[in-house]
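Heads up: the structure comes next, in structure tokens.
The chains referred to below are lettered A, B, ... by the order of the sequence lines, with proteins before strands, and numbering in each begins at 1.
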Number of protein chains: 2
Amino acid sequence: MNEITTPRRATVHDVARAAGVSLATVDRVLNNRPGVRPTTARKVADAVTSLGFQRDLSASLLARARDLQVRFLIPAGSNEFMDSLADAASRRIESALIERLQIAITRLPLLDARALVDSLDVLMPHQCDCAVIVGTEEPAVLASVEEATRRGVMVMTLVSDLPGSSRRHFIGIDNVAAGRTAASLMGRFCPQGGKIALVAGSMHLHDHHDRLEGFRAVAAEYPGLELLEPLEGHDEHQETQALVEQLLARHSDLGGIYNLGAGTTGLLAALRRTRRTGSLRVIAHELSDCSRAGLADGSIDVVLDQNPDGEIGAALAAVRTLALGAGTLENNEPIEIRIFLRDNLG
Amino acid sequence: MNEITTPRRATVHDVARAAGVSLATVDRVLNNRPGVRPTTARKVADAVTSLGFQRDLSASLLARARDLQVRFLIPAGSNEFMDSLADAASRRIESALIERLQIAITRLPLLDARALVDSLDVLMPHQCDCAVIVGTEEPAVLASVEEATRRGVMVMTLVSDLPGSSRRHFIGIDNVAAGRTAASLMGRFCPQGGKIALVAGSMHLHDHHDRLEGFRAVAAEYPGLELLEPLEGHDEHQETQALVEQLLARHSDLGGIYNLGAGTTGLLAALRRTRRTGSLRVIAHELSDCSRAGLADGSIDVVLDQNPDGEIGAALAAVRTLALGAGTLENNEPIEIRIFLRDNLG
DNA sequence: CTGTTAGCGCGTTCAT
DNA sequence: ATGAACGCGCTAACAG
């Protein structure tokens, strides 16, 4: 039998011996601290690569008698999805602690760049190793991210990326693919073709924009589908409900609705009031109590979900990896979109 | 600002002090080793619960200067899906090693209970902490699992469970839900109704059986759907291809095919030869090179995937948790079924 | 039966 | 600029 005999991993001792220096020097190089001659540093670096040395994060945290501190900065009040993100983070507090990861969560009062910047600017490297933020692409935010990085606080973006910045990693789904998938389903749901309505929060939101783009691209492959102009409900229950009721009244022959925003509660209310849940195919985003109910009673056919639990898990895993000093994460696979019907709900 | 001040976790020292004993005694109780008076053991146990003590697995492995050994026993040759399971495990070898988890993989020559039993019986606790097996429900296998458990080797079931046994955990999807989901999609794909063909490997396989059951239950909700008698292709390319070609020839008005087995290659060949990829809705199982190609060229509409990577990850996480001595894992949520269309392929 | 002690891989004073 | 020595939470070999 081919038994796999794993060779013992290299330790700091091995590196020190190979480089002909002491443990302390190796440690200084590893954590790139000052006080090492360039020549010595090179010797250590060579030993590290030739031995394939990999630091043991757990032992490192054990020695420092210190946990890894992660702070999530998540908007509140605006979006139901943000609540589920925060909940997912909360749920992990306990289990993360066992792995020496301390999770702190700050809900920002508004979807306000100022509040985010203020919270970010306060974070110091001795109390926060990594800030995981969901932020909008505004100059003040970008500046704050740069500043945090310079101070020694890693920044990671969640849900919505800040491409030009010094964020070390991005966790989120591919929203264009989400829109494409929705269209691909809708096209198959309506083999006879038909009018399809699009309900968004706002076209100014990056993710909504991407979803719309993806949906339109694939919908074009189904000549029978006639896309109506997108409605903007600003993710407000009342407004979305009114909009959808008006929509249903105007188009008695509507074939489907793609709700690419977060106003699912309002949409559902409208659908139920007008009792048009049979002949109409409805695709919405984000699993929530509301959308679960919609799936259960048949008013929603499919829910595309961003998988907040998976995103939080991926974020924590990334923090651990990046804490070792890796420049960037190469395995930057985006989070997978989850697809739910009534029949595969947890 | 509500700063979360986490109290320091309790350590073995704290437990020893609280129980009025020494570290060694605490350790003996924790690893339930012999040589401790019941009275003393109780005092320690009380201290553990009252302090909410949780062992640090990493520190434990560090002290033992020993990695956690996990062995996967996976059938070979029969099923393409098993290959992807083994691949998923292989891909994790390196990253797991950093977390002190040594992965070993044994491919069993046949889907043969005897081979599984032989491999399992050899495993000793000093070389294998946990065996993760995908096995059939046969008396010899069950006996072997009991024996392994008695020896001190944990057993975990993967993909296919052994309900009555002493396996500590099961990792797999809900196949009834998978079948239901397929029917739910098919029903929506065929609003006019139509004939639906079912292609299975064998009705003797637990998972195929469950999928069929789920599919039938939900398909009954769509009165227009007419289910043909299931075909058994025994997951063989040739046989499945012949079966499907015959099927297509006989039913020129076929509306859809649900391939609930693993013979996707044969199915695809038949579809391409008969060039019937337009009006026909096809739902298959397991993402593979073959099914990916089918999605890409439109011959397959939807692939339901068991998520082998996720299953391996869940298995490794479970091993870590169970290694601390927890009796059973309470969070026994099944693995989620992944749903792929052409537009959300990684 | 129970306690003492050394050491796992690493970080961190404090000397040198 | 560099090294020796101690401690983090836990296990194990050896005393008592």
Report task. Measure the distance from CG on B:Leu61 to P on C:dC10 and round it to the nearest whole Å. Result -> 14 Å
Query - Nucleotide interval of DNA chain D bounded by contacts with chain A (heavy-atom cut-off, under 4.0 Å) - result: D:dA1 to D:dG9
Requested in this report: Check whether the side chains of B:Asp46 and B:Ser50 place a donor and an acceptor atom closer than 3.5 Å, and report yes or no.
Outcome: no
Requested in this report: Let me know the distance between CZ of A:Arg55 and C1' of C:dG9, rounded to the nearest Å.
Outcome: 11 Å
Report task. Would you please test B:Arg100 and A:Arg9 for side chain to side chain contact (heavy atoms under 4.5 Å, CB included) and show each step? Result -> CA-CA 10 Å; B:Arg100 309 190 109 77; A:Arg9 281 182 303 286; 3.2 Å; yes
**Report entry** Gap between atoms CZ and P, on A:Arg17 and C:dG9 respectively (whole Å)
**Finding:** 11 Å
Query raised in the report: Would you say A:Thr11 reaches C:dC8's phosphate, i.e. side-chain N/O to OP1/OP2 under 4.0 Å?
Result: no
Query - Whole angstrom value for the distance that separates C1' of C:dG9 from CZ of A:Arg100 - result: 13 Å
**Report entry** Interatomic distance where CZ belongs to B:Arg28 and P belongs to C:dT2 [whole Å]
**Finding:** 8 Å
Report summary line: Of B:Ala41 and A:Leu30, the one whose closest nucleotide on DNA chain C sits nearer the 5' end is B:Ala41
Requested in this report: Would you mind telling me which of B:Leu101, B:Asp67, B:Leu68 makes a side chain to side chain contact (heavy atoms under 4.5 Å, CB included) with B:Leu61?
Outcome: B:Leu68
Query raised in the report: When we call it a touch if two heavy atoms are under 4.0 Å apart, what does B:Thr40 touch: a base, just sugar-phosphate, or nothing?
Result: sugar-phosphate
Report summary line: In this structure, CZ of B:Arg338 is separated from CG of B:Asn307 (nearest 0.5 Å) by 4.0 Å
Query - Residue B:Ala63, side-chain heavy atoms: nucleotide from C:dC1, C:dG11, C:dG7 that is nearest - result: C:dG7
**Report entry** Nearest-Å distance for atom pair CG/P, residues A:Leu51 and C:dG9
**Finding:** 14 Å
**Report entry** Interatomic spacing from CD1 in B:Ile74 to CE in B:Met82 - rounded to 0.5 Å
**Finding:** 8.0 Å
Query - A:Asp309 bridged to A:Arg92 by N-O distance under 4.0 Å - result: no
Query raised in the report: Within this structure, what is the CG-to-C1' distance between A:Leu62 and C:dG11, rounded to whole angstrom?
Result: 10 Å
Requested in this report: Check each of B:Arg66, B:Arg71, B:Gln69, B:Gln102 against B:Asp129 using the side-chain hydrogen bond (donor to acceptor under 3.5 Å, both in side chains) test, and report the only one that passes.
Outcome: B:Arg66
Report summary line: Rounded to whole Å, CZ of B:Arg64 lies from C1' of C:dA6 at a distance of 18 Å
Requested in this report: Mind checking A:Asp27 for me? I need base, sugar-phosphate or nothing, with any heavy atom below 4.0 Å counting as a touch.
Outcome: base
Query raised in the report: Is B:Val26 touching bases, backbone alone, or none of the nucleic acid, heavy atoms closer than 4.0 Å?
Result: nothing
Query raised in the report: Between B:Ser22 and C:dG3, is there a side-chain N or O to OP1/OP2 distance below 4.0 Å?
Result: yes
